[in-house]
Amino acid sequence: MLLAGGLTLLGGCDKFLDVNTNPNAPQTVSANLYLAPMLHWMVTSPQFDGRFVGRYTQQWTLPTTALTTWDRMGYDPTSDNGGQQWRDVYWTLGQNLVDMNTKAEAEQRWDLFGVGLILKAWGWQATTDLHGEIIVKEAIDQTKFSFSYDSQEYAYQEVQRLLKLAIEQLAKTDGAVDQAYLAKTDKI
Amino acid sequence: MKTRVAIMSVMGMFLLAAQAIAQQKTVTGKVTDENVSPVAGVSVVIRGTTTGTYTNDAGNYSIRVAAGQVLQYRFIGTLPVERTVGADNVINVQLRRTATNLDAVVVTALGQTTAQRSLGTSQQSVIGADIAQTQRENFVNSLQGRVAGVEVVSTSGVPGASSSITIRGVSSISSSNQPLMIIDGLPMDNKTLNSNVLASDAPGSQTAFNNRGVDFTNRAADLNPEDIESLVVLKGPEASALYGIDAANGAIVITTKRGKAGTGGLDYSNSFRIESTRARPELQRTYSPSAAGNSTFQYFGAPYPSGTAFFDNIDGFFQTALTQKHNLSFSGAATDNRINYRVAGASTKQNGVVPGSQLNKINLTGASQAQVLPWLRADLSMGYTYASNDQSFKGDGGPLIGLLVWPQTDDAKAYLTPAGIRRRLFLSAVSEVDNPYFNVEKNKINSRNNHIIANFGLVLTPFSWGNLRTNIGTDSYTQQNLLLRHPESAFASSFNGVIDQANDITRNINAQTLLNFNSRALTKTLSISGLVGNQISDNKSTVDALKGQDFLDPNFVSVNNTNLRTNRTTIAQRRLIGMFGSATLDYRKFLYLTATGRNDFTSTIPKDKNSFFYPSLSASFIFSDAFPAVGRIMTGKLRAAYAEVGKDARPYAYRPALEFKTSANGGYGYGFTGPNLELKPEFARSYEIGTELSFLDDRLGIDATVYRKQTKDQIVNDIRGSYATGFILFNLNGAVTRNQGLELTVRGTPVRRSSFSWDMLANFESARGKVLALPNNLPESYVSDTWLFGNIRNGTAPGLSTRSLTGTFYVRNTQGALLIDPTTGLPIRSTTFIDAGYDRQPDYTIGLSNTFRFNRVSLNFLLDIRKGGDVFNATEQYLTARGLSLRTMDRNTPRVIDGVLRDGKENTATPTVNSIVVVPSIQTSYYSNISEELFIEKDINWLRLRDVTVNYVVPERILANASVFLTGTDLFLFSNYSGLDPIVNGNSAAVGGSGAAGIDYGNFPIPRGLNFGIRMGF
């Protein structure tokens, strides 16, 4: 009897245990829904970092006369100051942009795919402008925990390649190109 | 074949039943102890059946039994006695209480009872009366010092504060280290609500609590201590292996009371308590506030003019708190002993020393056992608890910090202006810390909880070779939380008030079935017993949370009164199936070998790896029985055990979900935590070796255990990865931690006379937890909630203790001299979090309890002694940075800090010795930029009188069955800690890993209390 009970249980076990799909939020969404937050931070992030960059590129002065850590070729420890662009490209865009582009390409949404490629190109461009050598080839890989940096030259080449590809996509009118779909969250 | 077996077993049942009814008669008798006093609650069972009864308060019992059958008399902590029923209708029995006797009856894993001698693992029991006698609302707090290896950390001293409990130290870096709680055979939820389910704590929110400053009760505290019959602590995975993955940190097995008396009985007890706060910090009264900076009050101003009047804001703030508790229980058993019952109710009204803090609790429990058929016994128990708890905020911006920094020249009691709004002195609404009176009056944390535990159990004995025990039960509660940050409060004035509501609906369903095989002789000297079983658990919690900001009417407490509302739902579900078996070989009652195996299937690990098996093996050898020559002078047992135990991840850990982004125009994006589809269960391997010895006719007993546990592939939650992965945090396997330690329990009865006796019990523990590796060779892992003050957190790294602290401590040159900044003359702090050898793990702890009985009076006290372990006094650092601490009194003294300048030559043979003079009163960064390091107090020891009880049994001629008692809790504390109380938690029991225990920031100390009351039986 117990054995029989046990066997029935085992049969239903897989189904019984299959409750690990997060009910609080989706694990994947329609491609266009990834876009808005990325655009938001594309505009906002440079301003955040500008607070520190501007002291040097725009000759901003600080109200205090003390040297800041930045003036001494340092950074603000235990703070996110000056890290926003980095965070933007690798996290806000990061896997979201990969997922969006993959979906858009698969669904032949060439317009969205084009926008995605431009975002990717913008990310590398803006980040290498600020940080010099950056991680491009190995970026967005969750199986790795240490990464090789690429030269600035390579980053710019990649930007050019991505932009060319983007222009090709944006020129297409076939497939699932749909202005309304794209405009849903594309406020630019 | 199967049908035939079924028919045969059904026929067997009838035969058995028929036989049992055959020649029954009623046997009565009295059970007494060695002092010939009656013993109530002794279980009297017909051997091989589940038919039985208990003795009543007069020690009498009555049972229907057939001649030739054997009656077993069992009582926890005594030798079991067996008597064969003969011609006599009266069987009187004398039980012997024992200190360490190997034949004492003990409860083990899965609620089984066995003789102490057969146990190859380490466990320790506490009787319910000892727990109830401490008069603590949260029974967890009564365990410190009573069991070797158990450490209890209460979050603070306000009513309803959560308490975390760890057995054998901290082994998990980021997950819970608390043991599994079992009540009457089924798991009990001991969750402390994590603030991360609040709408205020949604990702990206500006109003997050991060478990800092807020606390909710740990739910096991809903249990009424008066309902506990006994509690057993299964210390390691060896003892708790059968409970599976949730018991990787040990288990606490609670048995609740059942009706015992042969006749109905009514018991009433009460307790009244007066509490007062123990300590207050000293503050300077020389220098006046300076409005320097825009943060809270700073005291770097001119000296107060002579004759300045000061107000004693602190003393006036704390109140003398009164608590009253009433317990009423009604229990008994039917005359034919087929049914027993116990119904009990309790009401607790506890006020805290902090104004406005309180806990109101109502407990209702009912339990009944019935011998439905000779082969079927039913056990139904239900418990309902209502608890309403008001706590004050703590930590940053909590009332204690406000109380300390509020100018002493101002009477804080007037916290409102004549117009009825918050009275501020001279800083802005956000900068000026809340007046403490305003804080406790206007800000609120209220939690109301309705908790039901129901447990339905059946024991079937249709066959003579064993029994089938099955339990199904639910542990469900609805916890309604309301957190108010008043619109005028510094907490929330920039949001014009924040109100959070969160309703946690938790329902846990557990079912467990055991098939027990009675001991069966294999040969003349060898016998075997065992069990197989399964367990199914389905735990689900749904938290519906909402937040309102921007109040219209500042004093109307409702979300409906707010302009901006957000909501959030958090569902967490986990299912678990376990199958297990155990077999014990018994060789001549002096050598036992037990093997167990359990396979768990969990929902939280990817499917291909979610089934995992782990074994345990334990042996017990009674060498005093094996070698009778030894047995003449002592009894002794050696035991050894090895166990493996797996542990799963939290729900939804391996695949991230998208978050609704609140940036412009909505949309979805990933959260911080990345995927890990390779996630697998972690495994601990543990062994322990121990001995139990007793001498002098059991008057001296020793129980010693050494253990070592190594956890591999440990899952570390939310550990940092490179941004280049596309994510920031990961849940990764790969940490290795090792825990080892020594536990020693010594029991003694120095005096045992009929009019006077003295029993003592000492529990010693020394434990170490060490991190051997982190996933992917990452340099540090920490739980971010613990980063609650300055730049210090519970960071750990390979080679460090599991309870270490990392921070931006001072940097030193290769010679160990402090590096001094040439521009300021102040020491330079590290720009990264570094280790500086701090460890919150005590060297050892001792719990010493003594009981004296003199005729009608008994005295019992428990001393809690701790040696070593660091505590971070953040409150003192806060006061120093603001010029309030007494250590800032020499602020005008010029000084040169010992060290060398960081001028490029610091690591050469001739570093530049610092000669820069600083005057702290001018250069206040001397205090404000001081490293946390200087406030970590190393090697904190304490001697604490945990509780002391004097009990007096009222003479029968005045009042029958009555006693009065006086109990003091936390009456004194001797410690080298300079703060208020070294038992603190900067977060709450909800935070995993080593948490923020030992980080003391704006925390109310545990008050001292004096209880008195009466117990009466009718």
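Naming: A, B, ... by sequence-line order, numbering from 1 per chain.
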If you count heavy-atom pairs within less than 4.5 Å of chain B, which of [options] leads?
options	answer
Asn24(A), Leu33(A), Leu97(A), Val29(A)	Asn24(A)
Ile134(A), Ile135(A), Val89(A), Asp141(A)	Asp141(A)
Ser30(A), Ala25(A), Pro23(A)	Pro23(A)

I want to check something: taking the side chain as every heavy atom from C-beta on, are [X] and [Y] in contact at a cut-off of under 4.5 Å?
X	Y	answer
Leu119(A)	Leu35(A)	yes
Phe612(B)	Asn599(B)	no
Asp88(A)	Phe48(A)	no
Asn101(A)	Phe113(A)	yes

Exercise. Would Arg650(B) count as a cation-pi partner of Tyr652(B), with NZ or CZ less than 6.0 Å from the six-membered ring centre and within 45° of the ring normal?
Worked result: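 No; the conditions do not both hold, so Arg650(B) does not lie above the ring face of Tyr652(B).
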Problem set entry | Residues of residues 151-177 of chain A within contact distance of chain B, non-hydrogen under 4.5 Å |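 Heavy-atom contacts from residues 151-177 of chain A to chain B are absent.
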Exercise. Under 30°, 30 to 60°, or over 60°: which ring-plane class applies to Trp91(A) and Phe672(B), parallel, tilted or perpendicular?
Worked result: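 Tilted: the ring planes of Trp91(A) and Phe672(B) meet at 30° to 60°.
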For this session: Over 60° means perpendicular and under 30° means parallel, so classify the ring planes of Tyr90(A) and Trp86(A), tilted if in between.
Result: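 Tilted.
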Exercise. What do the steps show when you test Trp41(A) against Leu93(A) for side chain to side chain contact (heavy atoms under 4.5 Å, CB included), and what is the final call?
Worked result: CA-CA 9 Å; Trp41(A) 285 105; Leu93(A) 270 55; 5.8 Å; no
Side chain from CB out, backbone as N, CA, C, O: work out which of these in [X] comes under 4.5 Å of a heavy atom of chain A, or both, or neither.
X	result
Phe660(B)	neither
Ser537(B)	backbone
Lys607(B)	side chain
Asn676(B)	neither
Thr602(B)	backbone

For [X], which atoms come within 4.5 Å of any heavy atom of chain B: side chain, backbone, both, or neither?
X	value
Phe147(A)	side chain
Asp99(A)	side chain
Thr21(A)	backbone
Asn22(A)	both
Thr28(A)	backbone

Using a 4.5 angstrom heavy-atom cutoff, name the option from [options] with the most pairs to chain A.
options	answer
Pro651(B), Pro775(B), Gly671(B)	Gly671(B)
Asn777(B), Thr808(B), Asn610(B), Thr570(B)	Thr570(B)
Leu677(B), Thr832(B), Asn776(B)	Asn776(B)

For this session: May I ask you to check whether Asn467(B) and Asn516(B) show a side-chain donor-acceptor distance below 3.5 Å?
Result: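 Checked: Asn467(B)/Asn516(B) side chains pair up, N/O donor to acceptor below 3.5 Å.
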Exercise. Does the pair Lys680(B)/Glu678(B) count as a salt bridge with the N-to-O cut at 4.0 Å?
Worked result: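 Judged by the 4.0 Å cut-off on N to carboxylate O distance, Lys680(B) and Glu678(B) do not form a salt bridge.
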Exercise. Is it true that Arg793(B) and Glu932(B) make a salt bridge, defined as a side-chain N closer than 4.0 Å to a carboxylate O?
Worked result: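 Glu932(B) and Arg793(B): not salt-bridged.
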For this session: Can you measure from CZ (Phe727(B)) to CD (Gln95(A)) and round to the nearest 0.5 angstrom?
Result: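 Interatomic distance, Phe727(B) CZ to Gln95(A) CD, rounded to 0.5 Å: 5.0 Å.
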For this session: Of all the heavy-atom pairs spanning Leu679(B) and Ile605(B), show the shortest one and how long it is.
Result: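 Here Leu679(B) and Ile605(B) meet closest at O-CG2, 3.8 Å.
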For this session: Quickly, which of Asp538(B), Asn508(B), Asp648(B) forms a side-chain hydrogen bond (donor to acceptor under 3.5 Å, both in side chains) with Arg574(B)? Name it, please.
Result: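 Only match with Arg574(B) under side-chain hydrogen bond (donor to acceptor under 3.5 Å, both in side chains): Asp648(B).
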